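Whatever order the structure lists ligands and atoms in, that order sets their numbers, starting from 1. Count residues from 1 along the sequence. As the structure is a prediction and not an experimental result, all values here were calculated from the model.
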Amino acid sequence: MSNAEPDYEVVVVGGGINGAGIARDAALRGLSVLLLEKNDFGSGTSSWSSRLIHGGLRYLEHAEIRLVFESLRERRRLRQLAPHLVKRLRLNIPIYEQSRRSKLIVRLGMIAYDLLSIGKNVPRHKMLSRDELIEAEPGINQEGLLGAAQYYDAQITFAERLVLENIIGAQEAGADVRNYCPAIGINVSQGIVQSIHYLKQGSAQETEVTTSLVINAAGPWVDRVLATVNREIPRFMGGTKGSHIVVGRFESAPGSAFYIEAAADGRPFFIIPWNGQYLIGTTDIRYYGDPADVVASKEEIRYLLDETNRVFPGAKLTVQDIHFAYAGVRPLPRREKGPESAITRKHIIKKHRRVAKGLVSIIGGKLTTYRNLAEQAVDLAVRVQGGAAGTCETRTMPLPGATGIEAARKRLDALNCLSESGVDRLLGIYGGRASRIAGLAVNESHLIRTLDEEGTVLAAEVVFALRHEFAVNLTDIVHRRLMTGLSADQGLGISEEIAAIAARESNWNNSEKEQQLAELGQYNARLKSPVH
Ligand SMILES: Cc1cc2nc3c(=O)[nH]c(=O)nc-3n(C[C@H](O)[C@H](O)[C@H](O)COP(=O)(O)OP(=O)(O)OC[C@H]3O[C@@H](n4cnc5c(N)ncnc54)[C@H](O)[C@@H]3O)c2cc1C
């Protein structure tokens with residue numbers, strides 16, 4: 001290895017929530033950082049969760065007290081650091097005569113949860129009588145109902161945007177962030193990381209940059225990235241698959257979220273009001289295939305429908321009611337034996353000392369705890385290199401959209417084309433950064449128009465996504481920037497219009513635009529499949 005300065009002090013592989021959080025933290029500490037993402041930012045597991053920022057009540061059953069404590073502390077921080085994205089959520093746990101968890105057990109769990117949320121910014125739990133629950137949620141199955149626990153956690157409607165804000169924050173702090181750039185090889189010589197090879201965006205051209213520190217944050221792909229160093233490295237990942245279905249408002253639908261014990265197997269699952277629809281999940285099944293191929297199976301969908309219909313008998317949900325379904329692979333540590341639910345949800349920051357100095361992998365990690373994981377990973381990685389860790393800024397520094405929200409509201413109102421719910425929609429997606437979208441629209445006045453009848457989606461958002469939010473293709477724009485792809489009709493009504501604006505901005509010719517629409521169609525169809 002030459003003695004020249006490396007091109008980057010740190011290269012992060014993977015632009016999911018963990019890689020994005022690590023890149024931001026490292027860049028804020030003044031390190032030179034390159035982040036490589038093989039697909040779009042946030043397109044891996046980070047897009048396919050239950051979208052909760054929560055302490056993980058269930059982890060109490062597995063005595064993961066430290067994890068619950070850490071998660072509740074991070075929940076409080078994220079509510080402060082990203083208030084536009086992370087909102088308070090009320091949940092009910094109904095308790096039945098036949099429930100495996102008795103009223104006393106649930107109550108004790110609630111007390112512990114409250115005690116562990118020191119300095120919390122959500123209300124304490126309440127125990128509800130049977131009548132109180134029925135009054136609040138008349139659609140609930142009343143047979144054998146004893147009462148309920150009511151408590152608060154937080155919800156992130158668009159986790160994709162949390163990833164993106166970390167990417168943007170990393171770039172603002174000086175990091176080089178690149179999507180559609182797969183890492184294809186990590187070079188090690190004399191037991192030390194020397195460089196990393198990757199493919200440039202949109203080409204098969206291989207590029208090499210020197211670095212002495214690679215943080216492998218490839219989520220469920222971690223083992224595949226390690227295999228580019230040495231095929232003999234043991235497997236660390238033991239991913240489990242989790243699926244969700246999304247349905248519209250149904251007969252007897254609850255007004256708040258429910259956390260319910262499934263009759264079939266005693267596992268708790270969620271029914272959550274989400275994005276004007278209901279998000280129902282999840283499952284937990286060991287998964288050995290390519291994480292890119294994971295889809296919700298018919299059996300999982302049946303299970304989620306049956307359990308929902310049992311607790312809300314008026315629902316009578318069938319497969320035809322499903323808007324879309326999705327599945328993701330939890331990047332959990334490998335445990336071949338025992339139930340999936342018992343696999344720890346704690347993250348592991350693994351130094352591969354025997355393979356190479358300067359190689360670190362992230363195993364596990366939740367959306368909720370990404371910030372703390374990033375802090376620990378950067379501390380450790382810098383120490384491995386013999387440097388001083390520096391001060392972590394992310395405990396108190398708001399994410400980019402967290403400031404200037406009221407000013408943004410005024411600027412959006414002044415455009416005089418968005419409906420009230422349109423203004424709320426933009427603030428809930430971009431926070432204070434919506435001011436910049438309003439500014440763009442004012443400078444290019446043909447972009448001051450809405451694309452939908454409800455007046456909620458602004459033409460300027462499409463151009464903003466391409467110019468300032470790293471969107472490369474139509475699917476990025478629809479599913480991970482404007483978030484219209486996650487609405488009840490998958491945003492089909494306005495996709496053509498979005499494609500037309502994007503085509504003008506990106507100079508796509510007609511056949512390129514059609515190709516983009518076809519790829520979006522395939523992406524949407526996959527979310528529908530295997531449902532219809
Ligand atoms: C069903 C389910 C429900 C969940 N619910 C919750 C919840 O409610 N709350 C919560 O806090 N957590 C939840 N989680 C956990 C959480 O979503 C994940 O643990 C977290 O998103 C993992 O993020 P990550 O960055 O490690 O992985 P990912 O998001 O998968 O990111 C890894 C990235 O690495 C990229 N990559 C892979 N190989 C390469 C390469 N060679 N070069 C460059 N890039 C590469 C991938 O494209 C991917 O984008 C849930 C998970 C699942 C599956």
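When heavy-atom distances to ligand 1 are checked against a 4.0 Å cut-off, Trp48 comes that close only through its backbone atoms N, CA, C and O.
Which parts of ligand 1 touch Val13 is read off a 4.0 Å heavy-atom cut-off, strictly below it: atoms 40 (C), 42 (N), 43 (C). If you number the atoms of ligand 1 from 1 as listed, the ones under 4.0 Å from a heavy atom of Pro182 come out as 42 (N). Ligand 1 places these atoms under 4.0 Å from at least one heavy atom of Arg51: 8 (O). Applying the 4.0 Å criterion to heavy atoms of His54 picks out, from ligand 1, the atoms 7 (C), 8 (O), 9 (N). Close approach of ligand 1 to Pro220 (heavy-atom distance below 4.0 Å) involves ligand atoms 30 (O). Numbered from 1 in the order shown, with element, the atoms of ligand 1 that lie under 4.0 Å from a heavy atom of Leu36 read 43 (C), 44 (N). When each atom of ligand 1 is checked for a heavy atom of Gly328 under 4.0 Å away, the hits are 53 (C). Annotation for ligand 1: atoms under 4.0 Å from non-hydrogen atoms of Gly14 are 33 (C), 34 (O), 35 (C), 44 (N).
No heavy atom of Ile362 sits closer than 4.0 Å to any atom of ligand 1. In this structure, Lys241 has no heavy atom closer than 4.0 Å to ligand 1.
Not a single donor-acceptor pair under 3.5 Å links the side chain of Glu74 to the backbone N or O of Ser71. At distances below 3.5 Å, at least one donor-acceptor pair connects side-chain atoms of Asn179 with backbone N or O atoms of Phe470. Side-chain atoms of Arg90 do not come within 3.5 Å of backbone N or O of Tyr152 as any donor-acceptor pair. Between the side chain of Gln194 and the backbone N or O of Ser189, at least one donor-acceptor pair lies under 3.5 Å. Proximity of a side-chain donor or acceptor of Asp25 to a complementary backbone N or O of Gly21 within less than 3.5 Å is not detected.
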**Report entry** Full working for salt bridge (Lys or Arg N to Asp or Glu O under 4.0 Å) between Glu61 and Arg100
**Finding:** CA-CA 12 Å; Glu61 288 184 335; Arg100 299 183 195 191; over 6 Å; no
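In this structure, atom 27 (O) of ligand 1 lies nearest to the protein heavy atom Gly219 CA, 3.4 Å. Residue, atom and distance of the protein heavy atom nearest to atom 21 (O) of ligand 1 are Ser46 OG, 3.0 Å. Distance from atom 17 (O) of ligand 1 to its nearest protein heavy atom, with residue and atom name: Ser49 CB, 3.5 Å. The shortest contact between atom 24 (P) of ligand 1 and any protein heavy atom is with Asn18 ND2, 3.6 Å. For atom 53 (C) of ligand 1, the closest non-hydrogen atom of the protein is Arg330 CG, 3.4 Å. The shortest contact between atom 8 (O) of ligand 1 and any protein heavy atom is with Leu52 N, 3.1 Å. Protein heavy atom nearest atom 30 (O) of ligand 1, with residue, atom name and distance: Thr45 N, 2.9 Å. Protein heavy atom at the shortest distance from atom 41 (N) of ligand 1 is Ala183 O, 3.1 Å.
We find that Arg29 and Asp379 are joined by a salt bridge, their nearest charged nitrogen and carboxylate oxygen being less than 4.0 Å apart. We find that Glu375 and Arg371 are joined by a salt bridge, their nearest charged nitrogen and carboxylate oxygen being less than 4.0 Å apart. Salt bridge annotation for Glu64-Lys346: present, with a cationic side-chain nitrogen under 4.0 angstrom from a carboxylate oxygen. Under a 4.0 Å N-O distance rule, the pair Arg249/Asp321 does not qualify as a salt bridge. Looking at Glu307 and Arg310, a side-chain N of the basic residue comes within less than 4.0 Å of a carboxylate O on the acidic one, giving a salt bridge. Salt-bridge formation is not detected for the pair Glu261/Arg58: no Lys NZ or Arg NE/NH1/NH2 atom is positioned less than 4.0 Å from an Asp or Glu carboxylate oxygen.
Side-chain contact check for His323 versus Gln490: every heavy-atom pair is 4.5 Å or farther apart. The shortest distance between side-chain heavy atoms of Asp284 and Arg267 falls below 4.5 Å. When side chains are defined from C-beta on, Leu52 does not count as touching Ile156, because their heavy atoms never get closer than 4.5 Å.
With Leu332, Leu367, Asp153, Val329 as candidates, the residue nearest to atom 12 (N) of ligand 1 on a non-hydrogen basis is Leu367. Here atom 32 (C) of ligand 1 lies nearest to Ala218 when heavy atoms of Ala218, Gly44, Gly281, Gly364 are compared. Of the listed residues (Tyr198, Trp221, Tyr180), the one carrying the non-hydrogen atom nearest atom 37 (C) of ligand 1 is Trp221. Among Ala292, Gly185, Gly365, the residue whose heavy atom lies nearest to atom 19 (O) of ligand 1 is Gly365. Distances from atom 39 (C) of ligand 1 to the heavy atoms of Glu37, Lys38, Lys366, Glu74 put Lys38 nearest.
Distances between N or O atoms of Thr282 and those of ligand 1 include no value under 3.5 Å. Distances between N or O atoms of Ser50 and those of ligand 1 include at least one value under 3.5 Å. In terms of polar-atom proximity, Pro331 is not counted as a contact of ligand 1, lacking any N or O under 3.5 Å from an N or O of the ligand.
Taking the six-membered ring for Trp and the full ring otherwise, Phe270 and Phe258 have centroids separated by 6.0 Å or more.
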